[in-house]
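None of the values given here were measured: they were computed from a predicted structure. Letters go in sequence order (proteins before strands), and every chain restarts at 1.
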Amino acid sequence: MSFIEVKNVTYQYQDSSTKALDNISLNINQGEFVSILGHNGCGKSTLSRLLNGLLIAEQGEVIINGINTADEESIYEVRSNLGLILQNPDNQLVTTVVEEDVAFGCENLCLKPDEIRKRVDNALKAVGMYDYRMFDTYRLSGGQKQKIAIAGILAMKPKCIVLDEPTAMLDISAREEIIKIIKSLNQKEKITIILITHYMEEAIESKRVIVMNKGKIVLDNSPDIIFSQVELLKSYGLDVPQSIELIYNLRKRGYKIDYTLSAQGCINNIVSLLQGNDI
Amino acid sequence: MNITIGQYYPASSIIHRLDVRVKIILLIINIIFIFCSFSIYSILLMTAMILFIMVISKVPIKQYLRSMKAIIIIFIFTAVINIFYGAGETLWSFGFIKITYDGVLNAIFIALRLLDLIFISSVLTYSTTPANITDGLERVLSFLKIFKVNTQELSMMMSIAIRFIPTIMEETHKIIDAQKSRGADFESGNILNRIKGIIPIIIPLFMSSIKRATDLSVAMECRCYNSYTKKSKMKILRIKLCDIIAILFVVTICIGVIFCNIMF
Amino acid sequence: MSNLLEVKNLSYIYGKNTPYEKIALQDINFTLEEGKILGIVGHSGCGKSTLSKLLNGLLKATNGDIILEGINIWEKPKNIKSIRFKVGLVFQYPEHQLFADTVKKDIEFGVMNMGVEKNQIDIRVRKVCDILNIPLSILDKSPFSLSGGEQKKVALAGVMCMQPKILILDEPTSSLDPLSRNNLLNQVMAYKEEFNASVIFISHNMQELSLICDNILVIKEGKQLAIDTPQNLFFDDKLLNESGLKAPEIIYIAKELKKLGYRIKDDILTVDDMCKNILELLGGDNK
């Protein structure tokens, strides 16, 4: 049994004429780091809200760690196991003081004060914001607010964290810091990570990439296989790293050169190509 | 942008360290006794106590005087009215303007009552962060649960409102800048035009507040918030020695006030 | 080509003479010619947004001059509003400023404040919808019923409708997906061509700046580090280090190949440029 099971789910919003999600099925195992890529409006945000029971599918079911999200009695168990981080850092912070905001989730779970204190401190340290614990939430930068949001979910000790375009409103350095934290949570704490994004440089960091288009899952594989399908990705409104596009163009011209995900790999492959042609 | 909501003034005084529940209850008691001081000596005793508390709070007197700015007009107006409209023996007269002994006494009473009220309330807001005040209020008012009042929800609403004040102010400035960049004018024109001119600010602000509320409720649900089951709290409030001393001190003064009331 | 805009020794201090005094910008100098695109890049908090507000008169500089079409913009302070019609500023997340009952009324807001005649307004609205690919069918809808991307276009249309000579875009591609991003860049170029306008494009995405800018101004902590063509900037390692900025991936690849001794041109900016260069080395297509 997978940690997350999505079975034949279809979802349509009340005021919409098209299906947001059209008969999708998906399995994700504990400990995976999965990216979900897709243009705006492809259904990825809808999927994230179905995963933690904020939305319930009319057709099909979503099972998290053996619990059906439609089961109202167990919804809090689902949510304490699967946390969701949203795009806007400001609209996720509930209180004025950093450490109190991080404690919010634990207080809702009625944990003992000592336990809450320990979890809050550990969560803040995991995101590198322990020194800011007494700060006003208002005074933090976008990236710092997003880290606090992550700490707030971390303190609840979830088995999985879903992040819905967490870096869309952040600048490049803040974006990199968030991705670093997410990777470390997956590698060190073995937390399942589902990263929803349209930035391919973020998707590359994961082990498995799922591409969505118009409410359907169209591709599901490792990053190197996904990104080599340049034409297909462009038809879905997505982009590829410049190194991959370069290799794609050279291949179109008839040259044999392998795809690779890193810039260094690209350089090595170009050098091999040139040497192979005695340049 | 520096906004001091609730005007918290950080300092390391004994007042700052007191348990917030004790501060709120003592504040209520003080307010009651300010109005129940019937003799001049009672009110002077209350004033002396409040001045003493202000000094040990280590918040500069200048800050306390600032809190008076809002009511300075009412203060002067009330004092003056009472000086000229009292009964009793005349102290000084000029034509139909009469200053009586009682008038002066009343004026002093009212002035001191007003000052004491403002100052003792300021002691609370200067020595306690807004977050702690709402937390304290929730704990103190928890007895209202008997009347089916959901104090947890009320406290959550207050705390969210306070949390978003600076955010919404910043948003307002951004919207004003954006509309000004499209030629909107908020400075000139007659009253009607200026009122119409508010629409390009209010509507976007309203819409963004709705979006904020929607996002925030999603975030709260994700962290298992519900307003019915009792939440635990990370911060445990314990009554300390300084709290007991503070309670005894205030109670002693209050007994003194009752004594003065009876004797004078 | 004459200088449309000249910025001389521009400085701005927040909260002057208060305990919160902070130097936001110091000694910024640049010129902008008609029909050119200037990129402004720098980390968060470096002063990019402050600069944009100084340029359209929302803020008044503590030092220095802004000369638009030969005249200082603050020469007649009472007329500062008219400057905002010539220097159109589109803020980040402009969709947050939408307020009217219909899309058409919102787009018209700026142009009506200019006092343009009614029939001219309709022509302008159609023109701008054409440039931004806004279907005329949504003109009568409420702006709040549109998707995020459509709202952004409507907000941008509202400023473009004023046909400013200088269009300043503050991080216009934030939270846009790649397809929408490319469309926006093309639309900005189309606006520039149509009205022979100049554009100031503020971003921290070096890749998109490299695609459309004639020059890029680099700001760090309020100070001007450099202003130069994208090619010169990206190949200046010392500057990139100092500014903490990263050149687009393709430039990195070009530089590394050059270091290894291959004949790589100095003006590589795009994947196409790099591909052409490699093909030249290889002697054409491999058929």
A.B. asks: Contact part of A:Gln87 toward chain C, heavy-atom cut-off under 4.5 Å: side chain, backbone, both or neither?
C.D. replies: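 A:Gln87 touches chain C through side-chain heavy atoms alone.
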A.B. asks: What part of A:Arg251 gets within 4.5 angstrom of chain C, counting heavy atoms only: side chain, backbone, both, or neither?
C.D. replies: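 When you check distances to chain C, no heavy atom of A:Arg251 falls under 4.5 Å.
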A.B. asks: Give, as side chain, backbone, both or neither, the part of C:Leu245 having an atom under 4.5 angstrom from any heavy atom of chain A.
C.D. replies: neither
A.B. asks: Taking side chain as everything from C-beta outward and backbone as N, CA, C, O, which of these in C:Ile250 sits under 4.5 Å from a heavy atom of chain A? Side chain, backbone, both or neither.
C.D. replies: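 For C:Ile250, backbone and side chain are both near chain A.
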A.B. asks: Under a 3.5 Å distance rule, please check whether C:Asp177 uses its side chain to pair with a backbone N or O of A:Asn40 as donor and acceptor.
C.D. replies: yes
A.B. asks: Compare all side-chain heavy atoms of C:Leu279 with those of A:Tyr255 and state whether any distance is below 4.5 angstrom.
C.D. replies: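 Yes, side chains in contact.
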A.B. asks: Do other residues, nucleotides or ligands put more than 12 heavy atoms under 6.0 Å from the NZ atom of C:Lys255?
C.D. replies: yes
A.B. asks: Would you compute the distance between atom CD1 of A:Ile267 and atom OH of C:Tyr262 and round it to the nearest 0.5 angstrom?
C.D. replies: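 Answer rounded to 0.5 Å: 11.5 Å.
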A.B. asks: Quick one: CG on A:Leu246 to CG on C:Asp273, what's the gap to the nearest 0.5 Å?
C.D. replies: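 So the CG of A:Leu246 and the CG of C:Asp273 are separated by 11.0 Å.
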A.B. asks: Counting only heavy atoms not in C:Tyr14, do more than 12 sit closer than 6.0 Å to its OH atom?
C.D. replies: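 Check passes, neighbour count above 12.
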A.B. asks: To check you understand the geometry: which heavy-atom pair defines the closest contact between C:Ser175 and A:Tyr199, and what is its length?
C.D. replies: N-OH, 4.2 Å
A.B. asks: Looking at A:Asn277, A:Ile172, A:Leu170, which makes the most heavy-atom pairs under 4.5 Å with chain C?
C.D. replies: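 Heavy-atom pair counts peak at A:Ile172.
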A.B. asks: How many angstroms lie between atom CG of C:Leu179 and atom OH of A:Tyr236, to the nearest 0.5 angstrom?
C.D. replies: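 C:Leu179 atom CG to A:Tyr236 atom OH measures 14.0 Å (nearest 0.5 Å).
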A.B. asks: Under the criterion side chain to side chain contact (heavy atoms under 4.5 Å, CB included), I'd like the reasoning laid out for A:Met169 against C:Gln92: C-alpha separation, chi angles, the key distance, then a yes or no.
C.D. replies: CA-CA 10 Å; A:Met169 293 175 80; C:Gln92 203 180 10; over 6 Å; no
A.B. asks: Side chain, backbone, both or neither: which part of A:Ser173 has a heavy atom under 4.5 Å from chain C?
C.D. replies: side chain
A.B. asks: Identify the residue among C:Leu260, C:Leu281, C:Leu257 that makes a side-chain contact (heavy atoms from CB on, under 4.5 Å) with A:Ile270.
C.D. replies: C:Leu257
A.B. asks: Take atom CG in C:Leu139; do more than 12 heavy atoms of anything else shown fall under 6.0 Å from it?
C.D. replies: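 Yes - once you tally the heavy atoms of other residues, nucleotides and ligands closer than 6.0 Å, there are more than 12.
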A.B. asks: Atom CG in C:Leu282, atom CG in A:Leu250: separation rounded to 0.5 Å?
C.D. replies: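 Interatomic distance, C:Leu282 CG to A:Leu250 CG, rounded to 0.5 Å: 7.5 Å.
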A.B. asks: Can you give me the closest heavy-atom contact between C:Pro178 and A:Asp239, atom names plus distance?
C.D. replies: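 Closest pair (atom of C:Pro178, atom of A:Asp239, distance): CB-CB, 3.6 Å.
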A.B. asks: What option among A:Thr197, A:Val271, A:Asp15 has the most heavy-atom pairs under 4.5 Å with chain C?
C.D. replies: A:Val271
A.B. asks: Count the heavy-atom pairs under 4.5 Å between each of C:Gln207, C:Met274, C:Glu256 and chain A, then report the option with the highest count.
C.D. replies: C:Gln207
A.B. asks: Hey, could you give me the CD1/CD distance between A:Ile244 and C:Glu249, rounded to the nearest 0.5 Å?
C.D. replies: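 Spacing of CD1 (A:Ile244) from CD (C:Glu249) equals 8.5 Å.
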A.B. asks: Applying salt bridge (charged side-chain N to carboxylate O under 4.0 Å, His left out), name anything that partners A:Arg208, two or more places apart in sequence or on another chain.
C.D. replies: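 Applying salt bridge (charged side-chain N to carboxylate O under 4.0 Å, His left out) to A:Arg208 gives A:Glu32, A:Asp220.
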A.B. asks: Give a yes or no answer on whether the side chain of A:Gln242 reaches the backbone of C:Val271 with a donor-acceptor pair at less than 3.5 Å.
C.D. replies: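 A pair under 3.5 Å: no.
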A.B. asks: To the nearest 0.5 angstrom, please state how far the SG atom of C:Cys275 sits from the CZ atom of A:Arg253.
C.D. replies: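 Between atom SG of C:Cys275 and atom CZ of A:Arg253 there are 5.0 Å.
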A.B. asks: Is it the case that more than 12 heavy atoms not belonging to C:Lys48 sit under 6.0 Å from its NZ atom?
C.D. replies: yes
A.B. asks: Using a cut-off of 6.0 Å, state whether more than 12 heavy atoms not belonging to A:Gln264 lie near its atom CD.
C.D. replies: yes
A.B. asks: Against chain A, label C:Arg181 side chain, backbone, both or neither, depending on which of its atoms sit under 4.5 Å from a heavy atom there.
C.D. replies: side chain
A.B. asks: Could you tell me which portion of A:Glu245 (side chain, backbone, both or neither) has an atom closer than 4.5 angstrom to a non-hydrogen atom of chain C?
C.D. replies: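 When you check distances to chain C, atoms from both the backbone and side chain of A:Glu245 fall under 4.5 Å.
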A.B. asks: Heavy-atom distances under 4.5 Å only: say whether C:Glu171 touches chain A with side chain, backbone, both or neither.
C.D. replies: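 Nothing of C:Glu171, per the 4.5 Å heavy-atom cut-off to chain A.
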